[in-house]
Structure formats: structure tokens, C-alpha cells
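Sequence lines set the chain letters: A, B, ... in the order given, protein chains first and strands last, and positions in each chain run from 1.
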There are 2 protein chains.
Amino acid sequence: MKLSTRGRYGLKAMFDLALHFGDGPISLTSIAERQAISVNYLEQLISPLRKAGLVKSVRGAQGGYMLAKAPEMITVGIILTTLEGPLAPTDCVADDEETCDHTHYCVTKVIYEKIYESIKGVVNAITLQHMIDDFHENSNHIIENICECK
Amino acid sequence: MKLSTRGRYGLKAMFDLALHFGDGPISLTSIAERQAISVNYLEQLISPLRKAGLVKSVRGAQGGYMLAKAPEMITVGIILTTLEGPLAPTDCVADDEETCDHTHYCVTKVIYEKIYESIKGVVNAITLQHMIDDFHENSNHIIENICECK
DNA sequence: TTTAAAGTTGACTCAATTAATCGGATATAT
DNA sequence: ATATATCCGATTAATTGAGTCAACTTTAAA
């Protein structure tokens with residue numbers, strides 16, 4: 001039931017981009033340095049985020065990435081789902097999954113559905129803007145190394 | 001963010017035992033057959049459940065396992081946690097984990113804590129008795145193969 | 001008392017997934 | 001041109017998950 005580094009690193013990177021929203025393209029190198037992530041690995045994560053329309057890229061020198069929408073339009077849920085797939089405790093309750101072949105009632109599936117709904121409820125309610133507000137209220141404005149959260 | 005077969009199979013097995021609560025010891029072989037799980041693997045799962053005081057065993061011929069408490073006293077949460085460890089999305093918010101070495105505020109950790117709390121809220125509120133009631137109301141009383149829920 | 005059923009334990013294998021690393025290709029400001 | 005980027009695919013190393021297996025202990029019943 002753990003998030004992988006894909007989701008955790010990706011969320012950190014997106015938050016970093018959100019803090020720089022409106023500042024023009026931000027290079028992966030600078031994000032990787034601030035967040036202590038391998039650039040090579042970060043490249044792998046930013047690609048699906050771009051394909052999902054969450055960030056846009058500028059190629060070439062002085063290029064980089066920026067959010068494709070305002071921070072209040074991007075939820076933690078869409079970020080994590082893009083990188084990890086559905087945040088469902090089992091495949092049988094994931095949105096894109098066909099249902100089990102069992103015709104009769106499944107008492108465990110009901111439980112997994114409730115877990116899934118509750119997780120979605122949390123992550124879909126939090127946007128990057130909420131994270132920014134939280135950051136400005138509670139941190140000392142230290143952008144570097146949000147947390148390893150291994 | 002998936003449950004492993006440990007939690008899923010273990011929950012099925014515990015539900016099976018709950019349906020037979022009061023009937024004396026139930027052999028692993030019979031549970032394994034009804035729930036379509038390998039006996040050898042199930043042996044691995046029942047051991048921690050016994051050590052956690054959720055089931056008790058009777059050794060020897062005609063032996064087997066039974067719930068150590070009434071079904072309404074055993075939550076889905078304690079079963080899953082016993083088999084999977086804390087249902088936390090990251091190690092840094094798991095109960096038994098020491099906190100990150102970072103002294104400053106972590107905006108992502110706050111999110112992971114909310115996810116964790118919401119998951120615990122769901123699984124700790126459901127007991128085996130709830131599952132039994134649900135089963136009797138909505139199924140056709142087919143004990144075998146609750147669901148593979150891969 | 002013998003036998004077979006059943007629990008108990010730990011080691012072991014195999015496959016899949018995760019987490020990166022690396023090399024090279026393309027694009028573009030300066 | 002050149003330095004700085006994004007892009008893309010292949011490869012690898014490490015970890016975890018899932019299941020098997022063998023050996024041993026306990027105990028009911030013949």
C-alpha cells in the first residue's frame with residue numbers, strides 16, 4: 001500500500017514547478033538539485049506528466065518545464081494517478097479495470113471500493129495551490145528538499 | 001498503492017473463519033479449498049495472525065484454526081495491518097516509523113498523513129461481523145470463492 | 001502404541017516490479 | 001557554432017512479491 005518514488009518524486013517536482021508558476025521555463029536540472037532527485041530519473045517522470053497535459057515544455061537552451069494550468073486547477077490526485085495509475089487498493093476496483101468474472105456478491109470488494117473512494121476523496125480535494133498556501137503559512141520558505149519521505 | 005495477496009488472501013481467510021465462528025477448529029486445507037488459495041502460502045499468512053492474537057490454533061488431527069475473539073471485535077484494519085504493515089502511503093507517516101530527519105515543514109508529508117488517516121478511518125470501522133451481515137443480506141450464501149480480487 | 005492428520009517453521013526459488021542509469025538524438029537561445 | 005535543454009529507448013541493478021518445499025512437532029483416533 002505504498003506510493004512508489006514515481007508518485008512521490010513527481011509530486012515534489014510538480015510542487016516545485018508550482019512555486020515557480022509564471023516565471024518561465026524551469027529546467028529539470030534545477031528541480032532535481034532543489035529536490036535531490038536524479039535528473040535522469042526525473043526525465044522519466046516528467047514525460048507522462050507532459051503527455052497528460054499537466055506541464056508543457058520548452059526545448060533548447062534556456063528551456064525547461066512549466067505548469068500547463070494554474071496551480072489551483074491541478075490536483076494531487078491527477079498527478080499521482082498519472083504517475084502511479086489508479087490509487088486503488090486492488091485492480092478489481094480500479095476505474096479502468098473490468099470487473100471480476102464472479103457473478104455473485106463479493107464482501108471484500110465492497111471494502112476495497114470504500115478504501116478507494118476515501119483515498120480519491122482526499123487527493124482530489126487538494127490542489128497545488130493548497131500546497132503553496134500551506135507552504136507559505138507553515139514553512140520558513142525553504143524550497144529545497146521538501147522531504148525525502150522515503 | 002496496491003494491497004498484496006497477503007492482505008487480500010488473509011482477509012478472505014479471516015472472513016471464512018468468521019463464518020464458521022463457534023464451529024470448532026477449521027483446517028487450513030478446507031479454507032484453502034473454499035477460497036482457492038495455496039495451503040502452503042496460507043500457512044505463511046496464518047502465522048502472524050496467530051501471533052497477533054486474532055486466531056488460535058488447535059494442533060494435531062481434527063485440529064485447525066478459529067477466531068480468538070468474536071467477529072465484532074476484529075476489524076479489517078487490524079487484519080490488514082498485521083499482514084501488510086501500516087497502511088500508510090509512505091514510510092514517513094507510518095505509526096511505527098521515526099519521523100523524517102528534516103526539521104522544517106513538509107508540504108507533501110501533510111498530504112500523506114491525510115491519506116493515511118482516511119484509509120485507517122475506513123478499515124478500522126469495519127469488523128468481520130459487518131462483513132458477515134453484509135454477506136447474509138446481499139449474497140446467495142455462497143461461501144466459496146468470495147472473489148479473486150487480483 | 002502406532003499412525004496419520006494437522007499445525008509450525010524457516011529456507012529457498014522464481015518472476016515481476018521498481019528505481020535508476022546511460023547513450024544518443026533533437027531543438028534552440030546566445 | 002556551441003552550450004544548454006528536452007526527448008527517447010535500451011539496459012541494468014536492486015527489491016519485493018508470491019509461492020514452493022522440506023523437515024519437524026503435536027495430538028486424536030485406531
Side-chain angles (χ1 to χ4, degrees), chain A residues 1-13 17 20 23-33 35-52 54-68 80 83-86 89-91 148-150, chain B residues 1-13 17 20 23-33 35-52 54-68 80 83-86 89-91 148-150:
Chain A
M1 280 296 278
K2 296 280 180 292
L3 284 172
S4 71
T5 53
R6 289 178 63 87
R8 302 202 312 272
Y9 291 178
L11 182 58
K12 281 170 60 163
L17 283 178
H20 292 97
D23 296 354
I26 308 294
S27 75
L28 278 197
T29 311
S30 69
I31 300 177
E33 264 176 29
Q35 306 302 334
I37 305 171
S38 141
V39 191
N40 289 314
Y41 192 37
L42 198 50
E43 278 179 6
Q44 274 190 23
L45 309 184
I46 203 83
S47 173
L49 292 170
R50 186 175 55 84
K51 284 169 185 162
L54 301 179
V55 303
K56 52 188 178 187
S57 63
V58 177
R59 299 186 66 162
Q62 280 22 274
Y65 292 89
M66 60 193 86
L67 294 188
L80 293 181
L83 292 167
E84 303 257 352
T90 61
D91 285 343
E148 281 107 33
C149 278
K150 286 275 183 284
Chain B
M1 282 293 279
K2 295 282 181 290
L3 284 172
S4 72
T5 53
R6 289 178 62 88
R8 303 202 313 276
Y9 291 0
L11 182 56
K12 282 170 60 163
L17 283 178
H20 292 97
D23 296 354
I26 308 292
S27 76
L28 275 197
T29 311
S30 70
I31 299 176
E33 265 178 29
Q35 305 302 336
I37 304 172
S38 141
V39 191
N40 288 313
Y41 193 37
L42 197 50
E43 281 174 2
Q44 274 192 21
L45 309 184
I46 204 83
S47 173
L49 292 170
R50 186 176 58 81
K51 285 169 184 161
L54 301 179
V55 302
K56 53 188 176 185
S57 62
V58 176
R59 299 186 69 158
Q62 278 24 274
Y65 292 89
M66 61 193 86
L67 295 187
L80 293 180
L83 293 167
E84 302 258 349
T90 62
D91 285 344
E148 280 106 34
C149 278
K150 283 278 181 284

Residue of the set A:V55, A:L67, A:L17 for which side chain to side chain contact (heavy atoms under 4.5 Å, CB included) holds with A:I26: A:L17
In whole angstroms, the gap separating P of C:dA5 from CD of B:E33 amounts to 14 Å
Does any residue of residues 40-50 of chain A have a heavy atom under 4.0 Å from DNA chain C, and if so, which ones, in number order? A:N40, A:Y41, A:Q44
Does OP1 or OP2 of C:dA19 have a side-chain N or O of A:S4 closer than 4.0 Å? yes
Which residues share a side chain to side chain contact (heavy atoms under 4.5 Å, CB included) with A:Q62, sequence neighbours left out: none
Separation of atom CD in A:E84 from atom C1' in C:dT18, rounded to whole Å: 10 Å
Just jot down the side chain to side chain contact (heavy atoms under 4.5 Å, CB included) partners of B:A52, sequence neighbours excluded, or say none. B:L54, B:T82
Nucleotide by nucleotide, 5' to 3', does protein get under 4.0 Å of the base (B), only the sugar-phosphate (S), or neither (-) in nucleotides 25-30 of chain D, counting heavy atoms? BBBS--
By side chain to side chain contact (heavy atoms under 4.5 Å, CB included) - contacts of A:V58 (at least two apart): A:P25, A:M66
Look at B:T5 and D:dA18 and indicate whether a side-chain polar atom (N or O) is within less than 4.0 Å of OP1 or OP2. yes
Would you kindly give the CD-to-P distance between A:Q35 and C:dA19, to the nearest whole Å? 17 Å
Checking C:dA19, D:dT20, C:dT21 against the side chain of B:S38 (C-beta onward), the nearest is D:dT20
Under the side chain to side chain contact (heavy atoms under 4.5 Å, CB included) rule, collect the residues that match up with B:R59, sequence neighbours excluded. none
Calculate, to the nearest 0.5 Å, the distance between atoms CG and CG belonging to B:L80 and B:L11 respectively. 5.5 Å
Taken to the nearest whole Å, CG/A:L83 to C1'/C:dT17 is 16 Å
For B:Y9, does its backbone N or O pair with a side-chain atom of B:Q35 as donor and acceptor, under 3.5 Å? no
For the pair made of OH in B:Y9 and P in D:dG17, what is the distance, rounded to whole Å? 14 Å
Below the 4.0 Å mark, does C:dA6 have OP1 or OP2 next to a side-chain nitrogen or oxygen of B:Y65? no
Could you work out how much the helix from C:dT1-D:dA30 to C:dT30-D:dA1 bends, comparing the axis of its first five pairs with that of its last five, to 10°? 0°
Nearest-neighbour nucleotide for the B:S57 side chain, C:dG7, D:dT6, C:dT21 considered: C:dG7
Sequence neighbours left out, what passes side chain to side chain donor-acceptor pair (under 3.5 Å) with A:T29? Give chain and number order. none
Report the distance from atom CD of A:E84 to atom NZ of A:K2, rounding to the nearest 0.5 Å. 12.5 Å
Can you tell me how far C1' of C:dT17 sits from NZ of B:K2, to the nearest Å? 13 Å
Nearest whole Å is fine: how far is D:dT20 P from B:R6 CZ? 15 Å
Report, one line per pair, each donor and acceptor closer than 3.5 Å where one atom sits in a side chain of residues 38-47 of chain A; sequence neighbours left out.
| from | atom 1 | to | atom 2 | distance (Å) |
| --- | --- | --- | --- | --- |
| A:S38 | OG | A:N40 | N | 3.3 |
| A:S38 | OG | A:Y41 | N | 3.0 |
| A:Y41 | OH | A:T5 | OG1 | 2.9 |
| A:S47 | OG | A:K51 | NZ | 3.4 |

